[in-house]
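Comments concern the structure below.
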Amino acid sequence: MDNVVLETKKLKKIYNFGTENAFEALHDIDFQVSKGEFIAIMGPSGSGKSTFINNISTIDMPTSGTVKINGQSVRKMSSNQIGHFRYENLGFIFQDFNLLDTHTMYENIAMPLSLAHVNRDEIKKRVDALAERMQIKQLLNKFPNECSGGQRQRAAICRALVNNPSIIVADEPTGNLDSVNSAELMKIFQKLNSESGVTIIMVTHDPLITSYSSRLIYIRDGNIEQTLERGDMTQDEYFRKIVDINSTESREILQK
Ligand code: ADP
């Protein structure tokens, strides 16, 4: 695959490693993502989606195997190096937005830059430009609890983008949004993806949300069970295939 931005080899995660409660949540996963892909990760509850996304994005560390992001192996980095590496490479969006209610929208968006000691003028320039693009500029002095869910999610997107990451990692980003705001967020993702070449890796349980992606990864019992490329399919054709995969997989689990 050309332009690989993320690669895992034999990625294994064992929770409570070395104790009698040890549990292997991911089994030797080999996985590659190319620059500009928009990956959706699906699978039943408890199949390992969050574990997977956390372990490929430095939030958690694998028990064994390798994870390379933009050619750099992350497993042996110190926590200091990881902080710096995240700032250089990754942007995160979470289901509950993770905005700090005691900080304004501006301060929330600026957070990754403030932590990296970027100078004030540069911070202002970048925050203003992104807020303008996401149409929340008039809300920058408000606090998150004075804004709607969709507006807070836009602030979370600005915060994820403010350090110009090459990869966005999103865990159930539409989990707290209504259908209109969810579709809007997916269009923003598609645009970032097609116009700015940002790679997106997203966990979702919703086939409609997945239908905006370029590739589906279906995880079951800690393995990648299936993958589906959108390729030349229309969004509607892709959506139907995604629904098929989900229902076939669910039927198999019921029959087990
Ligand atoms: P999903 O995101 O698909 O719902 P998770 O990645 O959260 O699944 O969990 C995968 C499996 O790992 C589940 O069986 C879960 O109980 C287990 N697990 C998740 N986190 C921990 C943890 N911190 N300690 C022990 N087991 C865990």
Side-chain angles (χ1 to χ4, degrees), residues 6-33 37-69 74-75 77 79 82 86 90-98 153 156 160 167-177 182 185-186 189 199-228 241-256:
L6 189 144
E7 181 175 44
T8 73
K9 285 206 177 121
K10 290 190 179 296
L11 163 57
K12 191 194 285 291
K13 179 66 185 183
I14 303 177
Y15 285 114
N16 305 317
F17 182 60
T19 74
E20 60 181 18
N21 294 325
F23 177 78
E24 189 167 317
L26 298 175
H27 316 295
D28 296 333
I29 294 190
D30 292 337
F31 177 60
Q32 281 194 335
V33 182
E37 277 199 283
F38 180 178
I39 305 278
I41 299 171
M42 301 188 88
S45 177
S47 58
K49 302 180 295 296
S50 294
T51 303
F52 185 56
I53 205 164
N54 289 344
N55 279 273
I56 61 176
S57 65
T58 73
I59 289 184
D60 200 357
M61 284 295 153
T63 310
S64 61
T66 56
V67 175
K68 272 190 184 172
I69 301 173
V74 299
R75 223 181 108 217
M77 287 183 186
S79 56
I82 284 183
R86 272 189 205 147
L90 301 166
F92 295 92
I93 301 177
F94 304 95
Q95 173 172 355
D96 51 9
F97 317 136
N98 275 15
Q153 186 59 297
I167 305 176
I168 297 258
V169 177
D171 195 349
E172 294 274 7
T174 61
N176 281 328
L177 295 178
S182 297
L185 176 60
M186 288 306 106
F189 274 9
T199 305
I200 298 168
I201 305 176
M202 162 183 85
V203 169
T204 180
H205 63 271
D206 184 341
L208 193 59
I209 295 301
T210 300
S211 73
Y212 289 87
S213 72
S214 61
R215 178 156 61 114
L216 160 67
I217 305 293
Y218 193 94
I219 294 190
R220 194 168 119 191
D221 299 333
N223 291 302
I224 295 182
E225 188 81 9
Q226 298 209 39
T227 63
L228 175 69
K241 286 232 158 92
I242 296 161
V243 171
D244 277 353
I245 286 180
N246 276 271
S247 56
T248 313
E249 289 281 349
S250 303
R251 253 196 319 271
E252 278 181 22
I253 292 165
L254 278 175
Q255 286 163 359
K256 262 203 334 198

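Numbering of ligands and ligand atoms starts at 1, following listing order. Please read these numbers as outputs of a predicted model, since none were measured by experiment. This chain uses plain numbering: 1 for the first residue, then up along the sequence.
By the definition of a contact as any protein heavy atom under 4.0 Å away, atom 8 (O) of ligand 1 is in contact.
Less than 4.0 angstrom separates some heavy atom of Lys49 from each of these atoms of ligand 1: 1 (P), 2 (O), 3 (O), 4 (O), 6 (O), 8 (O). Ligand-side atoms of ligand 1 in range of Ser45: 4 (O), range being under 4.0 angstrom from any heavy atom. Per-residue contacts place Pro44 under 4.0 angstrom from the following atoms of ligand 1 (heavy atoms of the residue considered): 3 (O). When each atom of ligand 1 is checked for a heavy atom of Phe23 under 4.0 Å away, the hits are 11 (C), 12 (O), 14 (O), 17 (C). Near Ala25, meaning under 4.0 Å from any of its heavy atoms, are these atoms of ligand 1: 12 (O). Every atom of ligand 1 with a heavy atom of Thr51 under 4.0 Å away is listed here by number and element: 5 (P), 6 (O), 9 (O), 10 (C).
Considering all non-hydrogen atoms of both residues, Ile242 and Met42 come closest at CG2-SD, 3.8 Å.
Judged purely by atom type and a 3.5 angstrom limit, Ser214 uses its side chain to pair as donor or acceptor with the backbone of Phe38. A side-chain donor-acceptor contact under 3.5 Å links Arg86 to the backbone of Thr58. Thr51 contributes no side-chain N or O that, together with a main-chain N or O of Ala25, makes up a donor-acceptor pair within less than 3.5 Å. With hydrogens and angles disregarded, a donor-acceptor distance shorter than 3.5 Å links the side chain of Thr8 to the backbone of Ile29.
For the side chain to side chain contact (heavy atoms under 4.5 Å, CB included) criterion with Leu11, the lone passing option out of Ile56, Thr66, Asp28 is Ile56.
Contact annotation: for Ser50 versus ligand 1, heavy atoms closer than 4.0 Å belong to both the backbone and the side chain.
In this structure, the protein non-hydrogen atom closest to atom 27 (C) of ligand 1 is Tyr15 CD1, 3.2 Å. Of the protein's non-hydrogen atoms, Gly46 N, 2.7 Å is the one closest to atom 4 (O) of ligand 1.
Separating the CD1 atom in Ile200 from the CD1 atom in Ile167 is a distance of 11.0 Å, to the nearest 0.5 Å. Put simply, OH on Tyr15 and CG on Asp60 are 5.5 Å apart, with the number rounded to the nearest 0.5 Å.
For the pair Phe52 and ligand 1, the shortest N or O to N or O distance does not fall below 3.5 Å.
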